[in-house]
Amino acid sequence: MERETPPNGAETVGTVVAWYDANARDLPWRRPGTSAWAVLVSEFMLQQTPVERVREPWARWLERWPTPADLAATPSGEAVRAWGRLGYPRRALRLHGAAVAITERFGGEVPADLDDLRSLPGVGSYTAAAVASFAFGRRAVVLDTNVRRVLVRLHAGEAYPGATPTRAETAVAEAYLPDEPALAARWAVASMELGAVVCTARRPRCDACPVADRCAWRHAGHPAWDGPPRRGQTYEGTDRQCRGALLAVLRSSDEPVDDAELTRAWPDAVQRERALGSLVHDGLVVPARAAGMLTDERRWALPGGPGAGVAGP
DNA sequence: AACACGTGGCT
DNA sequence: TAGCCAAGTGT
């Protein structure tokens with residue numbers, strides 16, 4: 001395999017790290033003393049959700065569940081409820097599952113090992129590397145959308161990275177990563193920050209970029225993206241929107257809700273039934289029966305809440 | 001490998 | 001305005 005040696009790699013790392021030291025945002029999960037659990041929670045919440053929308057829910061979550069064992073001892077439905085409108089509620093379920101796994105298999109301590117982290121539900125290659133690096137100071141290739149964009153511009157001279165990381169891309173990222181763990185961790189967070197606030201997808205602020213002088217994309221005159229069209233995420237009228245509407249009703253109610261309430265939230269019967277079925281399949285919703293009710297009308301609830309589960313008479 | 005999966009802000 | 005985008009993961 002061809003060796004991907006970045007030109008002035010060590011110098012680039014030093015420059016970006018110095019820029020980070022002077023310009024880093026004050027994000028609560030970056031403060032000294034933040035537990036690995038708190039870092040893990042932040043990473044779950046930040047999956048596809050902007051930083052500014054995560055600050056408050058993150059603080060409230062950690063107040064309520066300061067350790068994995070605290071969350072593991074709570075019904076998963078409460079995690080889904082507390083997730084609120086962060087989006088992709090399956091993340092809440094997986095975070096709960098991760099807390100259970102950490103409690104049962106790792107003595108209640110968030111593991112530092114990459115493979116152990118990867119074994120947790122909802123933890124993929126990015127999140128595992130992020131926790132190993134940010135929480136434990138390990139040397140890990142942290143390749144999120146920000147870092148991918150920075151590297152593809154800086155190193156390959158292209159506007160955007162492809163749909164999924166290629167082998168070559170990972171090799172480039174590995175080549176930039178310093179040997180020394182502490183410096184590797186600083187580079188990881190610094191290169192992410194650069195992508196988040198300077199080398200942005202929409203309007204990159206090249207005038208504020210510490211490595212603009214060696215950016216291949218800039219030297220090439222900022223060529224536009226010429227790859228295959230990036231498929232947009234449609235939403236209006238999709239099952240996702242329907243699921244969101246149904247789940248919002250369930251989150252807002254302490255009691256199981258009936259079909260009439262769900263129909264009010266989403267009138268189309270075919271799509272509503274399909275979405276409801278998928279929510280049940282995902283474990284986000286469970287069939288329920290209100291206490292004392294003799295009706296055979298269906299009722300629904302978040303998992304583990306009052307009346308949740310199909311209780312016998 | 002392509003697709004499903006929430007929600008909201010920005011241009 | 002209608003897209004586009006946001007610290008991805010699982011199938």
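We name chains A, B, ... by the order of the sequence lines, and we start the count at 1 in each one.
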Quick check: any donor-acceptor pair below 3.5 Å linking the side-chain of A:Arg91 to the base of C:dT9? no
### Task
Could you tell me whether A:Glu78 and A:Arg64 make a salt bridge, using a distance below 4.0 angstrom between a side-chain N and a carboxylate O?
yes
Ranking B:dG6, C:dC5, B:dT7 by distance to the side chain of A:Arg90, first place goes to B:dG6
Of C:dA7, C:dA6, C:dT9, the nucleotide closest to the side chain of A:Leu27 is C:dA7
*asked:* Distance alone, cut at 3.5 Å: any donor-acceptor contact between the side chains of A:Gln271 and A:Trp266?
replied: yes
Contact class for A:Arg274 (heavy atom, under 4.0 Å): base, sugar-phosphate, or nothing?
-> nothing
Counting only distance, no hydrogens or angles, is the base of B:dG6 paired donor-acceptor with the side chain of A:Thr49 under 3.5 Å?
yes
Taking B:dT7, C:dA6, C:dC5 as options, the one with an atom nearest any side-chain atom of A:Arg202 is C:dC5
request  = Using a strict cut-off of less than 4.0 Å between a Lys/Arg side-chain nitrogen and an Asp/Glu carboxylate oxygen, indicate whether A:Glu174 and A:Arg139 qualify as a salt bridge.
outcome  = yes
Sort me out a list of protein N/O and nucleotides 1-3 of chain B N/O pairs below 3.5 Å, or just none if empty.
none

Would you confirm whether the ring centroid of A:Trp65 sits within less than 6.0 angstrom of the ring centroid of A:Trp37? no
Comparing A:Ala128 with A:Pro50, nearest DNA chain C nucleotide closer to 5' gives the residue A:Pro50
note: A:Leu86, atom CG; C:dG8, atom P; distance rounded to Å ~ 14 Å
Quick note, A:Asp239 side chain, CB onward, closest among C:dA7, B:dC5, B:dG8 is B:dC5
In whole angstroms, the gap separating P of B:dG6 from CG of A:Leu250 amounts to 13 Å
Of B:dG8, C:dA7, B:dC5, the nucleotide closest to the side chain of A:Arg240 is B:dC5
